[in-house]
Amino acid sequence: MSCRAARSPRRSWPPSRSGACCRRRRWSRCPRRCRAPGWCRSTGPAATARSTPCRSTSWSGRSPSSPCSVGCSAWSRCWPCWSRSRCGGGRTRSPGRWCCGWAWGCGRCSAAISSSWARSPGWPPSPGWPAGSPWRAWPCRGSTRCAGSPRVRHCPTRRRSCSPSPPSRSWWCCWRAGSRCVRCAPPGPRSCCVADTVFELDRVGVDYPTPAGTVTGLHDVSLAVPRSGITVFAGPSGSGKSTLLRVLGLFERPARGTLRFDGVDTGALRHAGRRALRREHLGLVFQNPSENLLDYLSVADNLRAAAQAARRGCEPERILEQLGLGGTGEWAVPALSGGQQQRLAFGCALARGSSVILADEPTSQLDEASADLVLDTLRYLAEQDFAVLVASHDDRLVDLGTRIARLRGGRLEGVEQR
Ligand SMILES: Nc1ncnc2c1ncn2[C@@H]1O[C@H](COP(=O)(O)OP(=O)(O)OP(=O)(O)O)[C@@H](O)[C@H]1O
């Protein structure tokens, strides 16, 4: 049947078992013989780039229990990956990688493997895929897969160290609890774990071009920041504390070295990926309270706006209660004291669902009583298992830290664990 016969597509429907279907129904220029716009019958290696062996019961007559020929459970939604954008920026098509019709990326289809399919002949689809891998697991592709996705989350049942070794390329991500991504070690498919370190810096350097020449803000800083506790970056003025915090907050790209967030190389991310990570995971609180808040909105609306930016829901009153600001929801921001405003700024980070809170000199503009409020808040956040990173030369903040990284002249002098 030629393509012209598409006028009566249903007459000999469904296509044969060996039929291949094009991905787009409206793909009118199918180079093969079509029975309907977008649907090919032809088989063999010459099948078009966007064609895949037809797997859907309704189209190909296969029984639902037949193993998917490409190892994908999303019926008729997967095809060999060829699109750069879908693959998260990979330049070349990888034979072992599959795309699904979901909008946000490649690799999800391979993820959706039921255990019966994982046992089926023809599985794994690529040599790197572990037979019998956990349901909904896929090779962790680091930067593009995990960080590029707006769905990276810590496992709700996270365990600090379920493997003595740090995450490596051979680890696997799994898909849990709806939208939650975690890292799993392949041998223990259900042993969900995350690394102990949230940031890993390897010889990170930052340069600032100035009319007088290049100023180096950071010189080859190598550091691992733990996932919990309060890490304080201490040092005299100009030592590079704020620069380091900006790098960690993904506001600044280092000129040299590698920065990993949750095992993901942030240097490989494009702007959108970095922004997604920042929005979802990182809450940055600046030293000036007014920089952190929108003063034309009420207190509760600031929290709502923060949550909305991260596409989350929010219960302002609950957060305000947590931070000792109960009953101020309808207040205007300027009606709060400086310390209360800083507390609210931390509340905005909570509303965004940030797991890491970065604060740059949060007490520097506050009197002692207001600074105490901030210290209490930081203590509270650390107790709630947030990773709190603070740049400060306030001695009280330094005393609060569980880990002090001392900087001088842009170099890391040493790290003190308490
Ligand atoms: N935008 C910039 N342009 C040029 N140089 C910069 C810039 N930002 C920072 N620097 C330089 O980088 C170095 C580190 O600055 P940074 O602000 O990180 O120090 P800091 O320890 O946070 O200081 P402070 O405690 O005073 O805020 C300084 O020498 C500074 O002059």
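Start at 1 and go down the list; that is how both ligands and their atoms are numbered. Here, residue 1 is the first one in the sequence, and each next residue gets the next number.
The protein heavy atom nearest to atom 27 (O) of ligand 1 is Ser242 OG, 3.6 Å. Here the protein heavy atom with the shortest distance to atom 24 (P) of ligand 1 is Ser237 OG, 3.7 Å. In terms of protein heavy-atom proximity, atom 4 (C) of ligand 1 is closest to Tyr208 CB, 3.3 Å.
Considering both main-chain and side-chain atoms, Lys241 comes within under 3.5 Å of ligand 1 through a nitrogen or oxygen pair. Distances between N or O atoms of Val215 and those of ligand 1 include no value under 3.5 Å. By the 3.5 Å distance cut-off applied to N or O atoms, Gly217 is not counted among the residues near ligand 1.
Of all the atoms in ligand 1, the ones that sit under 4.0 Å from a non-hydrogen atom of Glu361 are 25 (O). Within ligand 1, counting atoms from 1 as listed, the ones closer than 4.0 Å to a heavy atom of Pro236 are 21 (O). Near Thr243, meaning under 4.0 Å from any of its heavy atoms, are these atoms of ligand 1: 14 (C), 15 (O), 16 (P), 18 (O).
Distance check for atom 30 (C) of ligand 1: every protein heavy atom is found at 4.0 Å or beyond.
Counting heavy atoms closer than 4.0 Å to ligand 1, residue Thr210 contributes side-chain atoms (C-beta onward) but none from N, CA, C or O. Counting heavy atoms closer than 4.0 Å to ligand 1, residue Arg246 contributes side-chain atoms (C-beta onward) but none from N, CA, C or O.
Side-chain contact between Phe199 and Val356: present, with at least one pair of heavy atoms (C-beta onward) separated by less than 4.5 Å. Under the 4.5 Å side-chain criterion, counting only non-hydrogen atoms from C-beta, Leu323 is in contact with Thr377.
Ligand 1 lies nowhere less than 4.0 angstrom from a heavy atom belonging to Ala391. Within the structure, the closest approach of Ser239 to ligand 1 falls below 4.0 Å when heavy atoms are considered. Residue contact annotation: Gly238 has a non-hydrogen atom under 4.0 Å from ligand 1.
For Arg408, the salt bridge (charged side-chain N to carboxylate O under 4.0 Å, His left out) partners two or more places apart in sequence, or in a different chain, are Glu413. By the salt bridge (charged side-chain N to carboxylate O under 4.0 Å, His left out) test, Arg253 is found to be paired with no residue, residues two or more places apart in sequence or in another chain being considered.
Using a 4.0 Å cut-off between charged side-chain N and carboxylate O, Arg396 and Asp399 make no salt bridge. A salt bridge is absent between Asp360 and Lys241: the closest approach of a Lys/Arg side-chain nitrogen to an acidic carboxylate oxygen does not fall below 4.0 angstrom.
Applying the side chain to side chain contact (heavy atoms under 4.5 Å, CB included) test between Gln342 and each of Leu373, Val285, Leu378 identifies Val285 as the sole match.
Going from atom CZ of Arg379 over to atom CG of Leu400 covers 5.0 Å, rounded to the nearest 0.5 Å. Expressed to the nearest 0.5 Å, how far CG of Leu344 lies from CG of Leu320 amounts to 7.0 Å.
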